[in-house]
Peer 1: 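Here it is: the structure, laid out below.
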Protein chains: 4
Amino acid sequence: MSLREKKVERKKEEIRKSAMSVIAEKGYHATTMEDIAAKLLMTKGSVYYYFKDKESLVYESHKLLLEQSMEQLQNVLAEELTSVAKLRKAMVVHMENVITGRTDFFIGVKPDQVFEGEHLQEILHLRNQYSDCMNRLIQQGMEDGSFVQVDMKIVNYIILGAMNNAVIWYSPKGSKSIEELANSIADYLLKILL
Amino acid sequence: MSLREKKVERKKEEIRKSAMSVIAEKGYHATTMEDIAAKLLMTKGSVYYYFKDKESLVYESHKLLLEQSMEQLQNVLAEELTSVAKLRKAMVVHMENVITGRTDFFIGVKPDQVFEGEHLQEILHLRNQYSDCMNRLIQQGMEDGSFVQVDMKIVNYIILGAMNNAVIWYSPKGSKSIEELANSIADYLLKILL
Amino acid sequence: MSLREKKVERKKEEIRKSAMSVIAEKGYHATTMEDIAAKLLMTKGSVYYYFKDKESLVYESHKLLLEQSMEQLQNVLAEELTSVAKLRKAMVVHMENVITGRTDFFIGVKPDQVFEGEHLQEILHLRNQYSDCMNRLIQQGMEDGSFVQVDMKIVNYIILGAMNNAVIWYSPKGSKSIEELANSIADYLLKILL
Amino acid sequence: MSLREKKVERKKEEIRKSAMSVIAEKGYHATTMEDIAAKLLMTKGSVYYYFKDKESLVYESHKLLLEQSMEQLQNVLAEELTSVAKLRKAMVVHMENVITGRTDFFIGVKPDQVFEGEHLQEILHLRNQYSDCMNRLIQQGMEDGSFVQVDMKIVNYIILGAMNNAVIWYSPKGSKSIEELANSIADYLLKILL
DNA sequence: TATGAATGAGTGTTCATTCAT
DNA sequence: GATGAATGAACACTCATTCAT
């Protein structure tokens with residue numbers, strides 16, 4: 001990657017971050033290109049130099065976030081840990097992504113309210129992949145006897161729902177750090193499986 | 001209430017339902033007054049005959065839903081049941097409201113993205129009231145020894161998050177009825193407290 | 001005129017008064033049919049029973065006012081008075097009409113902003129007639145030597161402009177009654193002619 | 001001021017002029033943003049690039065006009081002239097502003113039908129300032145014996161009313177130039193004070 | 001007579017998007 | 001690369017008007 005390309009990539013990253021951050025706060029439709037640009041002391045026009053349109057900007061932002069989360073999740077999966085430890089770690093990582101990732105995107109806004117066509121397919125695909133990974137974690141635990149038998153799909157939704165919900169009420173001013181909170185939640189949720 | 005008033009109230013109820021339904025599908029900002037009206041074979045203008053503006057329509061809709069849920073929750077609280085039975089019943093009722101109530105409102109959309117001033121205060125108040133009621137259910141169970149000791153607040157958020165999330169993935173085409181599903185979820189969540 | 005017709009006429013008069021009054025306060029375009037009806041504890045629909053449309057209501061109201069003013073002016077003209085006394089009396093009568101008649105119509109709103117076609121012609125005709133009458137008063141005074149020679153048209157506009165303007169700043173709370181005020185203004189304006 | 005800023009200012013001035021001109025003809029409420037834009041071969045959207053909303057556009061236009069008139073009036077006040085000459089000059093200047101300024105705003109439309117809050121306060125303030133200045137002119141003349149004693153307030157209203165009224169009937173096609181007309185009117189009005 | 005209900009054309013306003021410079 | 005300017009499609013909301021009852 002040339003120096004120029006790196007610069008462009010860095011700029012795009014800045015814009016993506018700004019976009020996700022504003023959208024997390026105001027919601028997709030209520031967020032204007034101007035909001036996103038203003039936060040970076042740019043103008044609307046400049047943003048369009050880097051991104052074709054609003055949907056593309058959000059698509060790329062969201063995709064990256066999902067991919068990064070996916071990668072982390074897979075790293076966890078590859079670690080040499082007990083099923084319980086793995087799932088707990090996956091949960092903690094997930095919560096950190098949800099909260100610091102400023103993404104109120106795992107929840108609430110249904111992807112088809114924002115994306116269309118191939119973009120929508122890709123996002124749904126990534127989400128499913130992520131979900132599948134979580135399912136595998138649960139599956140493994142059930143197989144090796146660490147977890148009791150449960151309806152994997154439902155429990156998965158419970159876990160994801162409980163964790164994603166945190167983005168709504170989590171406040172950095174609270175007494176617990178994200179990690180502590182994540183661990184607490186993970187502990188409680190694990191009870192379902194033990 | 002006069003016959004005329006009843007008619008008006010019925011019409012308003014129709015509109016509210018239509019509004020909640022379209023919003024649940026497309027999101028608040030993406031839903032136009034025309035969408036809401038069209039679904040009832042009305043015109044925009046007619047909707048404005050019944051509701052001052054979009055925000056008021058959504059406010060009234062949402063408020064009513066919260067109040068009805070609250071009332072049901074309080075009925076459950078007043079019943080002569082064990083703590084476990086009470087909480088399970090509360091959960092089932094909640095899930096039915098979430099799913100049939102077409103409300104993607106307990107989740108995702110932060111109220112302050114939609115409401116302002118007194119309306120916002122009232123909605124937050126109702127939500128808190130609801131939350132408090134759930135907390136009380138948990139508290140009672142802990143006090144009478146039915147539940148183990150937990151961080152009430154966190155567990156409450158977990159429960160609500162898990163249940164509200166259902167609105168996103170529940171499909172009436174699935175093999176389980178709402179009640180069955182609700183019971184399954186309730187069973188799993190109760191494990192956290194037993 | 002039958003009893004029924006009398007009743008109708010009385011109702012129409014009420015509506016006209018209400019219309020002129022609200023329009024004087026809020027302006028023609030800013031005044032809604034609802035405003036006019038509400039002031040009489042009626043509904044919009046009822047007003048339409050008596051008047052074809054908004055323009056007709058205002059046209060009839062305005063026409064009547066002009067005709068009544070015209071009649072009064074002609075009565076003054078017919079009286080046995082000196083030119084000076086006549087003109088003063090005409091001024092006082094005019095000011096009373098302007099102020100109590102709640103008509104901010106002699107001024108400000110150009111008739112062609114409100115009326116069209118025949119209605120417009122008729123209103124312009126009535127205004128001209130009124131103006132001509134005032135001119136005749138001045139003319140007579142100049143002919144019998146009571147007034148100095150002036151450019152009738154200009155002086156007429158000055159007089160009407162000065163008097164009509166009163167509707168903007170006159171306040172019933174002031175120390176002077178309408179008649180006192182009208183006499184003051186008339187005295188000052190007469191200086192132009194003496 | 002940079003070149004760009006100058007360009008913007010010129011554009012805004014164009015828009016203001018267009019606005020005042022259309023409003024003078026059709027009235028505030030009957031004038032649409034599209035009317036204003038169309039006259040400049042612009043689109044509505046472009047006007048909004050320069051002005052926040054209709055009220056602001058009109059506010060700025062009107063304010064500027066009042067300020068310019070005020071400045072001219074104060075220049076007249078500062079000149080070394082007899083009271084009579086000063087007042088006549090003030091009148092001529094005022095009439096020129098009224099007529100060329102395309103403002104049917106000194107009259108007819110009550111400010112509170114258009115402006116609210118601080119904007120309204122500012123406009124009323126400017127009007128009062130202007131009125132006060134005229135009053136001072138009369139006052140001075142009375143003090144130095146040039147004018148007879150009169151009720152300043154009433155005479156002031158007469159003068160302003162008479163002059164503002166001209167905007168309604170003045171036609172550039174008439175035989176007199178604005179200046180000639182203004183001088184005629186001034187001569188007549190001065191008779192009140194001499 | 002009176003009115004509740006419905007309507008549709010119109011108005012102010014926003015905002016994603018484009019493009020010349 | 002960046003942006004100031006312009007645009008047009010879309011939307012919330014208003015209001016004169018109609019009409020069945």
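A note on names: the letters A, B, ... follow the listed sequences, proteins ahead of strands, and every chain is numbered from 1.
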Peer 1: Test the B:K54-B:Y28 pair against the cation-pi criterion, namely NZ or CZ under 6.0 angstrom from the six-membered ring centroid and within 45° of the ring axis.
Peer 2: yes
Peer 1: Should the ring pair A:Y59 and A:H119 be called parallel, tilted or perpendicular, given that the plane angle runs from 0 to 90° and is split at 30 and 60?
Peer 2: parallel
Peer 1: Taking C:K52 first and then C:E60, would you say they form a salt bridge - that is, a charged N and a carboxylate O separated by under 4.0 Å?
Peer 2: no
Peer 1: Can we say A:K17 and A:E13 salt-bridge, meaning some charged N sits less than 4.0 Å from an Asp/Glu carboxylate O?
Peer 2: yes
Peer 1: Looking for any heavy atom pair under 4.0 Å, which part of the strands does C:V8 touch: base, sugar-phosphate only, or nothing?
Peer 2: sugar-phosphate
Peer 1: Select base, sugar-phosphate, or nothing to describe what A:Y50 touches, counting heavy atoms under 4.0 Å on all strands.
Peer 2: sugar-phosphate
Peer 1: Give a yes or no on whether C:Q121 atom CD has more than 12 heavy-atom contacts from other residues, nucleotides or ligands under 6.0 Å away.
Peer 2: yes
Peer 1: Rounding to a whole Å, what distance do you find between C:Y49:OH and E:dG4:P?
Peer 2: 17 Å
Peer 1: From B:L126 CG over to B:K63 NZ, what is the distance, rounded to the nearest 0.5 angstrom?
Peer 2: 7.0 Å
Peer 1: Using a cut-off of 4.0 Å on non-hydrogen atoms, how would the nucleic acid contact of A:K44 be classed: base, sugar-phosphate, or nothing?
Peer 2: base
Peer 1: For the pair A:R10 and A:E5, find out whether any cationic side-chain nitrogen is under 4.0 Å from an anionic carboxylate oxygen.
Peer 2: no
Peer 1: Using a 6.0 Å cut-off, check whether atom CD of B:E55 has over 12 heavy atoms from anything other than its own residue.
Peer 2: yes
Peer 1: If you take all heavy atoms of A:K110 and B:A24, which pair is closest and at what distance?
Peer 2: NZ-O, 2.9 Å
Peer 1: Which whole-number value in Å describes the distance from D:H29 NE2 to E:dG12 P?
Peer 2: 11 Å
Peer 1: With the threshold set at 4.0 Å, does a side-chain nitrogen-carboxylate oxygen contact exist between D:E25 and D:K39?
Peer 2: no
Peer 1: Counting heavy atoms not belonging to D:E67, are there more than 12 under 6.0 Å from its CD?
Peer 2: yes
Peer 1: With pairs defined as Watson-Crick or G-U wobble and both distances under 3.5 angstrom, please note down DNA chain F as a dot-bracket string, | for pairing with another strand.
Peer 2: .||||||||||||||||||||
Peer 1: At 4.0 Å (heavy atoms only), tell me whether B:S56 reaches a base, stays on the sugar-phosphate, or touches nothing.
Peer 2: nothing
Peer 1: Give the first and the last nucleotide of DNA chain F, reading 5' to 3', that has any atom under 4.0 Å from a heavy atom of chain C.
Peer 2: F:dC15 to F:dT18
Peer 1: If you find the nucleotide of DNA chain E closest to A:E55 and the one closest to C:K11, which residue's nucleotide is nearer the 5' end?
Peer 2: C:K11
Peer 1: Given atom NZ of B:K54 and atom P of E:dT13, what is their separation to the nearest angstrom?
Peer 2: 18 Å
Peer 1: Hey, which of these two, A:K7 or C:K52, hits DNA chain F nearer its 5' end, going by closest nucleotide?
Peer 2: A:K7
Peer 1: Under 4.0 Å, heavy atom to any atom of DNA chain E: which of residues 32-43 of chain C qualify?
Peer 2: C:T43
